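Notes follow the structure.
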Amino acid sequence: MKTLHKIVLAAVLGLGASVAHAGVVVVVGAKSAVASLDKGQVSDIFLGKSAIFPGGAQAVPVDQAEGSSQREEFHSKVTGKTGAQLGAYWSKLVFSGKASPPKEVPGAAEVKALVSANPNLIGYIDSAAVDASVKVVFTP
C-alpha cells in the first residue's frame, strides 16, 4: 500500500511540474511585421547565419543566460546544440571574426521587455509568459 501512495505522489508531483513549465516559444514584439518563422529560419538567426527576417527587416536574437532551463530547451529543440556545443560554436566564430553571439539577458522577463520594445528583436520565453506585448512566431 505504501508503494501505491509513493506512485500516486510521484505522478501528482510530476503533473505539477509539467503545468509549471508549459514549453518554450519563440516571440517577437506585437508590432513586428513578422507573422511566423520555421525552425530553420529561427536556428539560422540564433546561430548567426542570418541577420534578416523574411521581408528584409533586421533580425537581432536575444538569448537567455547560460544554464537557464529555457535556454537549454530552446537550443536542444531548435539549434540542436547543447550548452557545451554552443560555447564551442561561438568561440570558433568569434575567434575567426565571422560573428558575435546573441545578446544574453538573465531571463524570460528581460527577453519579453526587450522584444516588446523593438520590432527587430527575437527571443524565446515560456509559453505561459506570453501576453499582448509579444506574438509567438514559432513553437518548437
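Worth saying up front: this structure is predicted, and the values here are computed from it rather than measured. Residue indices begin at 1 and follow the sequence shown.
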*Among the clusters formed by ILVMFWY side chains lying less than 4.5 Å apart, do I125 and V34 turn up in the same one?*
no
*In one Ile/Leu/Val/Met/Phe/Trp/Tyr side-chain cluster, 4.5 Å: V60, L37*: no
*asked:* So which atom in A30 and which in A132 form the shortest heavy-atom distance, rounded to 0.1 Å?
replied: CB-O, 3.3 Å
_Point-to-point distance, once rounded to the nearest 0.5 Å, from NZ of K92 to NZ of K98_ = 7.0 Å
*Distance (rounded to the nearest 0.5 Å) between S36 OG and K135 NZ*: 9.5 Å
*asked:* Atom CD of residue position E66 - does it have more than 12 heavy atoms of other residues, nucleotides or ligands inside 6.0 Å?
replied: no
*Closest approach of A108 and Q70, non-hydrogen atoms and distance?*
CB-OE1, 3.6 Å
*Taking all atoms of both residues into account, what is the closest heavy-atom pair of K49 and Y89, and its distance?*
CE-OH, 3.7 Å
*Can you name the one residue among V78, V115, D63 that meets side-chain contact (heavy atoms from CB on, under 4.5 Å) with Y124?*
D63
*Measure the OG-NZ distance between S43 and K81 for me, rounded to the nearest 0.5 Å.*
8.0 Å
_Counting C-beta onward and ignoring hydrogens, is there a side-chain heavy-atom pair between V136 and S127 closer than 4.5 Å?_
no
*Of all heavy-atom pairs between Q64 and R71, which one has the smallest distance, and what is that distance?*
O-NH1, 2.8 Å
*Examine V28 and V130 and state if one hydrophobic cluster contains both, with Ile, Leu, Val, Met, Phe, Trp and Tyr joined whenever side-chain heavy atoms are less than 4.5 Å apart.*
no
*What distance do I45 atom CD1 and F138 atom CZ have between them, rounded to the nearest 0.5 Å?*
11.5 Å
*Check P106 against A65 and note the closest heavy-atom contact, atom names and distance.*
O-CB, 3.7 Å
*Quick one: OG on S116 to CG on D131, what's the gap to the nearest 0.5 Å?*
8.0 Å
*Interatomic spacing from CG in L121 to NZ in K112 - rounded to 0.5 Å*: 15.0 Å
*Do you know the tightest heavy-atom contact between I122 and F46?*
O-CZ, 3.6 Å
_Quick check on side-chain contact (heavy atoms from CB on, under 4.5 Å): which of V26, D38, V25 does V137 satisfy it with?_
V26
*Is the shortest heavy-atom distance from the side chain of T79 to the side chain of V42 under 4.5 Å?*
no
